[in-house]
Amino acid sequence: MSQAEDSSTRVGPASHPTASAPPRLLELSPQNLYDKCVALARNLWWSWHPEVTNLFRELDPIRWRQLDHNPIALLAEFTPERLEARAAELVLYSRINQAYRRLKEYMAAESTWSNVHAGVLGSKPVVYFSAEFGIHESVPIYSGGLGVLSGDHIKSASGLGIPLIAVGLFYKQGYFRQQLDIDGYQHEEYLQSRVENLPIEPALGADGKQVQVQIDTRSGSIQAIVWKLTVGRVDLYLLDSDVEGNKPEDRELTSRLYGGDTRVRIRQELVLGIGGVRAIRALGIVPGVYHLNEGHSVFATLEAVRGRMDRDGYSYDESVRRVARQTVFTTHTPVPAGHDRFDSGLIEEHLGPMRDALGISHDQLMGLGRVEPHNFNEPFCMTVLGLKLSRRANAVSALHGHVSRKMWSNLWPGRIEEEVPIGHITNGVHVPSWLSWQMLQLYDRIFPANWFRRMGEPDVWQKIHECDPGELWETHYALKNLLLQFVRRRLSRQCRRRGECDEAVELARTVLDPNTLTIGFARRFATYKRADLVLSDLDRLFALISNPDRPIQIIFAGKAHPADEPGKSLIRKIANLRHDNRMAGRIVFVEDYDINVCRHLIQGVDVWLNNPRRPLEASGTSGEKVVLNGGLNCSILDGWWAEAYDGRNGFAIGRGETHARDEITDQRDYDALYKVLETEVIPLFYERDADGLPREWIKMMMNSISSLAWRFSAHRMVMDYARACYVPAAGGVSCDMTNR
Ligand SMILES: *Cc1c(COP(=O)(O)O)cnc(C)c1O
């Protein structure tokens, strides 16, 4: 803690006395310049502003890359004097000043979307809970899609000016870093983050001390301290159980994401949910709305109920009603294993003291987490508690809404499926975070001047049709080349690390061809995502890859959960294709998929392939990131794509059929995948006009951008949450979501 308090006031090596230096204008003093850079680095606002990111990169491009694009770690290597010298050399003064001024203006802005449309939240902020937040690769407190979605949510909430406070866990080791051995087998490495290298600081209570909370269980208590991370106008509070006084195993509790068994899991969720609500209270924040993003945090509802009984003197029943009215719950997956379930013993051990305080019996408590309250064989399900203790619940795409209503219809025995009160708000992505700098320049030239503030409006994006097709194609081609450079650099580094011969390292620098149709496939290696569908028949794949006139190439990336052996063997199968002479250099696997790898891939591919077993992909968001940058989606009609595809804005694999037997579904989808590749995707890409441009392909890129970018943006998503959930939950005028 002392270490971090230190780092909140001083990031780099201490400045040297400047008494002997000649007098300067205050604006130009090295310390002043340094402080401005530190202020920029300490608000993650910088991460979605390319002009600020470029500033940091230019200070030292090589260290920037080596330090995972972490500006705090980078600045720690500079003294104010050296920074000043470097800034003078590169003429960065005015850019630093301007970036700093823009940050100040952003933080002070009063005319936001929220002030006009969600004023009621002003005095009643939303508290947004999530087990992970993916904001930038330098802050490793996320594992994948759920985390990136939470990160995008709070960035857009910041942009829209929504009074929102976020709560999560501080994972010192985060999620694992992936390395493949020479045999293609995945190994996991956990790196310890250093608090002083992260933009976090102790969250202080009224007494000026770092907030610390305690959660009692039947087997002792767990303590957690609270950190604060600043993401634009949103404060993100992170709980950390690495506190003196905790048992050694409890100190490790929050060190890794999804690392432990169910006992670790329930204790993490206790810290997040119950600890989170207590932390908010200790910080003096009175929530208007609780938004529980996925089931991990729903114990928060119990602590909120307890607070109501305690503070306002309401009965248990009345408190439950009031808390439910304030609570929004979002469910994220139809995959059964994705819903945490705990047995009765774990619940009694961890929530015994809570139910004593609530004045309810063990059976009553268990009933809150059961579809059939009196079925003693049923474990306690976090999703069930979330659905019971929230007045507003939603799925994350239209199709996922249907699936979720069916899945949980037994919770509302009197109702037909259509009337099950689970609506949907389709996931979207934070445009400034995922849009490449090159495409931003292009949009800036052809869109209205204030388009960035209006990116949730369809009219803005219609303008893409006025773009010169050659210019759009050139921009995409430049991005694709950047992707290929990135992949080659990564592959040669991978080879070198595995100790392969120089020849192999060199060869890795020459893989892939910029004129070849490039397909990207990157996601978690969960079996339902079927990474190997395209590999089902290697001869047929080889025919596509080796076609002399119209070849294809594929870039893969993704991690398998450490305990997922089938997922790991899938990775091995793909990675080892590099030993197959027919595929070498045309099918590659990039290690350690994270936000950085994802950003390169989605900005540079021609086609993004997505072939989950329908309807198991609740939404998916990576394909939405591709849209912004001019890539085309080729996907099963599942998740967001089921409502996005219109026949002219990308490619559909099949027509949304499913079969009760997986083998039959897989065979059909495989046939449909090759059919669309062979008869639509490949011919369209290689059909060129006299100027060498694929006119019809470019038209499809434009259709994709104009019809999808605004709809699947996080700004649109957060505005939907504000109107349909936050404002009514805070007691404002209701505006109903489907099925609510
Ligand atoms: C966007 C993103 C995801 C989510 O992608 P899906 O479409 O859900 O597979 C996962 N991981 C990272 C690192 C991302 O940036």
Query raised in the report: Would Asp68 and Arg177 count as a salt bridge (Lys or Arg N to Asp or Glu O under 4.0 Å) if you check the C-alpha gap in whole Å, the side-chain angles of each, and the deciding distance to 0.1 Å?
Result: CA-CA 12 Å; Asp68 266 339; Arg177 309 291 292 260; 3.3 Å; yes
Does [X] reach the main-chain N or O of [Y] with its side chain, forming a donor-acceptor pair under 3.5 Å?
X: Asn633; Y: Gly623; result: yes
X: Glu189; Y: Phe176; result: no
X: His715; Y: Arg453; result: no
X: Ser297; Y: Leu272; result: no
X: Glu303; Y: Leu270; result: no
X: Asn70; Y: Asn197; result: yes
X: Ser397; Y: His400; result: yes
X: His69; Y: Thr53; result: no
X: Gln268; Y: Thr254; result: no
X: Glu643; Y: Ala398; result: yes

Shortest non-hydrogen separation from [X] to [Y] and the atoms involved:
X: Asn293; Y: Ser130; result: ND2-OG, 3.4 Å
X: Val298; Y: Gly386; result: CG1-CA, 3.8 Å
X: Leu399; Y: Ala642; result: CD2-CB, 4.2 Å
X: Ile574; Y: Ala531; result: CD1-CB, 4.1 Å
X: Cys598; Y: Tyr593; result: SG-OH, 3.3 Å
X: Ile636; Y: Pro612; result: CG1-O, 3.6 Å

Query raised in the report: Given the rule in the side chain to side chain contact (heavy atoms under 4.5 Å, CB included) test, do His296 and Met382 qualify, once you have shown the distances and angles that lead to the verdict?
Result: CA-CA 7 Å; His296 312 112; Met382 296 298 274; over 6 Å; no
Kindly compute the distance separating [atom1] ([X]) from [atom2] ([Y]), expressed to the nearest 0.5 Å.
X: Thr230; Y: Met107; atom1: OG1; atom2: CE; result: 6.5 Å
X: Leu236; Y: Ser158; atom1: CG; atom2: OG; result: 12.0 Å
X: Gln186; Y: Leu570; atom1: CD; atom2: CG; result: 11.5 Å
X: Ser143; Y: Leu257; atom1: OG; atom2: CG; result: 5.5 Å
X: Trp408; Y: Ile422; atom1: CH2; atom2: CD1; result: 8.0 Å
X: Glu617; Y: Asp638; atom1: CD; atom2: CG; result: 6.5 Å

Flag the pair [X] / [Y] as yes when at least one side-chain heavy-atom distance between them is below 4.5 Å, and no otherwise.
X: Leu628; Y: Val431; answer: yes
X: Val396; Y: Ile425; answer: no
X: Glu457; Y: Val460; answer: yes
X: Ile154; Y: Leu164; answer: yes
X: Thr301; Y: Phe329; answer: no
X: Leu479; Y: Met439; answer: yes
X: Pro287; Y: Ile280; answer: yes
X: Phe712; Y: Val429; answer: no

Report task. Check step by step if side chain to side chain contact (heavy atoms under 4.5 Å, CB included) holds for Ile519 and Val605. Result -> CA-CA 6 Å; Ile519 299 175; Val605 293; over 6 Å; no
Query raised in the report: Stepwise, does the side-chain hydrogen bond (donor to acceptor under 3.5 Å, both in side chains) test hold for His153 with Asn427?
Result: CA-CA 9 Å; His153 191 106; Asn427 288 343; over 6 Å; no
Please determine if [X] forms a cation-pi arrangement with [Y], meaning its NZ or CZ atom is less than 6.0 Å from the six-membered ring centre and no more than 45° off the ring axis.
X: Arg523; Y: Phe521; result: yes
X: Arg233; Y: Tyr106; result: yes
X: Lys559; Y: Phe525; result: no
X: Arg341; Y: Phe380; result: no

Is any NZ, NE, NH1 or NH2 atom of the basic residue among [X] and [Y] found under 4.0 Å from an Asp or Glu carboxylate oxygen of the other?
X: Asp669; Y: Arg530; result: yes
X: Arg716; Y: Asp720; result: yes
X: Arg256; Y: Glu188; result: no

Query raised in the report: Which is it for Ser635 and Asn610 under the side-chain hydrogen bond (donor to acceptor under 3.5 Å, both in side chains) test, yes or no, and what are the steps along the way?
Result: CA-CA 5 Å; Ser635 170; Asn610 178 41; 3.0 Å; yes
Report task. Could you tell me whether His561 and Tyr258 have their ring centroids closer than 6.0 angstrom? Result -> no
Query raised in the report: Between Trp48 and Trp434, does the ring centroid distance fall short of 6.0 Å?
Result: no
Regarding [X] and [Y], do their side chains bring together a donor and an acceptor under 3.5 Å, going by distance alone?
X: His476; Y: Asp606; answer: yes
X: Ser255; Y: Gln173; answer: no
X: Tyr726; Y: His291; answer: yes

Knowing that exactly one of [options] qualifies, which makes a side-chain contact (heavy atoms from CB on, under 4.5 Å) with [X]?
X: Glu624; options: Trp608, Trp641, Trp640; value: Trp640
X: Ile653; options: Leu637, Leu609, Leu533; value: Leu609
X: Leu292; options: Phe299, Phe129, Tyr128; value: Phe129

Query raised in the report: Stepwise, does the side chain to side chain contact (heavy atoms under 4.5 Å, CB included) test hold for Val289 with Leu121?
Result: CA-CA 8 Å; Val289 180; Leu121 300 172; 4.2 Å; yes
Query raised in the report: Once the angle between the rings of Trp451 and Phe447 is folded into 0 to 90°, is it parallel (under 30°), tilted (30 to 60°) or perpendicular (over 60°)?
Result: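 Perpendicular: the ring planes of Trp451 and Phe447 meet at over 60°.
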Report task. Give the intermediate values and the outcome of side chain to side chain contact (heavy atoms under 4.5 Å, CB included) for residues Phe56 and Leu40. Result -> CA-CA 10 Å; Phe56 293 132; Leu40 286 167; 4.0 Å; yes
